[in-house]
Each structure stands twice: as C-alpha cells, then as structure tokens.
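One structure is given below, encoded as structure tokens.
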Amino acid sequence: MTDQHPPAPHRVWRVGADIDTDALAPGAYMKFGIDEIARHCLQRVRPDFAAQVQPGDVLVAGPNFGIGSSREQAAAALVRLGVAAVIAPSFNGLYFRNAFNVGLLLLTCAQAETLAEGERITVDPAAGRIGRADGAAPSALHCETVPAFLLEMVRAGGLLNLLKQRQTS
C-alpha cells in the first residue's frame with residue numbers, strides 16, 4: 001500500500017553548535033524519570049523549548065550535536081517530547097548510536113544551518129532530502145541518506161522495540 005498524501009511539514013526549532021548532552025538531559029535531573037528530564041530539555045539554551053515543542057517538530061542544530069557524556073536520556077528526552085528528527089552538520093558518535101537505539105531520527109546535513117526558526121520542512125531520510133514547504137531557495141537540501149536498518153529502528157521506536165517485534169513475528 002502506498003501513501004498518496006504528501007508528508008506533513010515539520011516545524012523547525014533552532015539551536016547552535018556544540019549542544020552537549022547536559023543541555024539535553026541536565027545532570028541535576030538524572031535521578032528522576034524521563035518525563036522530568038524531558039521537562040528540562042534544552043532549558044539552558046532554549047528555555048521555551050520543552051514547554052512549547054509539539055509532536056512532529058524538528059530540532060536543527062549546528063555542528064557537534066550531542067557532545068559530552070554518553071547518557072542515553074539525552075536522546076530519549078527528545079523522543080519523549082515528540083521531536084521527529086534532529087538535523088545537524090555533525091553528531092557525536094555516541095549520541096548518534098544512542099539516538100537511533102531509542103528511535104530518534106538524526107539527519108546529517110551540511111546545509112542544516114540554512115534552515116530558519118519556525119520554517120516548515122519535509123524530510124525524506126531514505127532519499128537524503130529535506131524539502132522546504134514554503135518553496136524558499138534552495139527548495140531542497142541534501143543530507144546523508146539513512147540506511148534502511150536504522151530507519152527500521154526509528155519506525156519501531158528504537159532497538160528494543162524492534163527486537164521485541166522480531167521476536168513475536
């Protein structure tokens with residue numbers, strides 16, 4: 001069955017370069033569950049983010065997103081808030097692995113920083129394409145394609161969910 005409807009546009013939230021895992025999952029809240037950690041996600045750099053982000057929104061960052069510690073909660077907090085994807089020119093390797101393991105889509109895009117706050121975009125991770133819903137130039141940005149096995153993890157909601165699905169089928 002093919003979907004005949006175009007993908008819904010995602011609203012862009014912007015942050016800068018070098019966003020570390022402590023900004024995403026502040027250490028002071030690590031003793032609490034993911035709901036509390038998510039309420040404080042990015043409060044140091046975007047105090048309005050956790051309260052105002054909507055499911056399906058995307059986070060666009062500068063280079064080196066997810067630097068710092070290896071805390072899985074830094075990616076899980078964004079999933080809990082409903083963030084559809086993070087788009088950046090580069091990601092910390094541990095963060096990259098943790099993100100896909102918890103079902104968070106990451107798109108590596110050299111031109112990420114040309115996307116504006118509040119802009120509406122569509123994403124096609126398999127094709128490595130980000131479309132601008134308003135038609136601004138360039139109308140499409142190219143990013144690294146996401147391998148099928150990683151997209152399968154995202155669709156399943158993370159590695160554990162994917163393994164559970166495979167075990168029951």
For residues [X] and [Y]: do they belong to one hydrophobic cluster (side chain heavy atoms under 4.5 Å, members Ile, Leu, Val, Met, Phe, Trp, Tyr)?
X	Y	answer
Leu159	Val154	yes
Leu94	Phe65	no
Ile37	Val102	no
Leu78	Leu151	yes
Tyr95	Ile34	no

Closest heavy-atom contact between [X] and [Y]?
X	Y	result
Ala77	Leu24	CB-O, 3.9 Å
Gly66	Thr21	O-CG2, 3.6 Å
Leu105	Ala84	CB-O, 3.6 Å
Ala99	Ala75	CA-CB, 3.6 Å

Please lay out, stage by stage, how Phe100 and Val146 fare under the test side chain to side chain contact (heavy atoms under 4.5 Å, CB included). CA-CA 11 Å; Phe100 282 98; Val146 178; 4.0 Å; yes
Do [X] and [Y] touch side chain to side chain, with heavy atoms closer than 4.5 Å?
X	Y	value
Gln43	Tyr29	yes
Trp13	Val83	no
Val60	Glu113	no
Asn98	Arg71	no
Arg132	Thr114	yes
Arg11	Arg120	yes
Asn64	Ser90	yes

Quick one: do Asp22 and Arg44 satisfy side chain to side chain contact (heavy atoms under 4.5 Å, CB included)? Show the steps, please. CA-CA 9 Å; Asp22 196 53; Arg44 186 177 76 216; 3.8 Å; yes
Quick one: list whatever passes salt bridge (Lys or Arg N to Asp or Glu O under 4.0 Å) with Arg80, sequence neighbours left out.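 Here the qualifying residues are Asp35.
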Rounded distance (nearest 0.5 Å) linking atom CZ of Arg129 with atom CG of Asp124: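 Here the interatomic distance stands at 7.5 Å.
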Is the CZ atom of Arg14 crowded by more than 12 outside heavy atoms at less than 6.0 Å?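 Above 12, so yes.
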Would you indicate whether Glu117, at its atom CD, is surrounded by more than 12 heavy atoms from other residues, nucleotides or ligands within a distance under 6.0 Å? yes
Is any side-chain N of the basic residue among Glu36 and Arg39 closer than 4.0 Å to the acidic one's carboxylate O?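 Answer for the salt bridge query: yes.
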Side chain to side chain contact (heavy atoms under 4.5 Å, CB included) between Val12 and Ile87, worked out: CA-CA 10 Å; Val12 168; Ile87 303 167; over 6 Å; no
Please report the C-alpha distance between Leu59 and Leu42 in whole Å, then the side-chain angles of each, then the deciding distance to 0.1 Å, and finally whether the side chain to side chain contact (heavy atoms under 4.5 Å, CB included) criterion is met. CA-CA 11 Å; Leu59 186 61; Leu42 292 171; 3.9 Å; yes
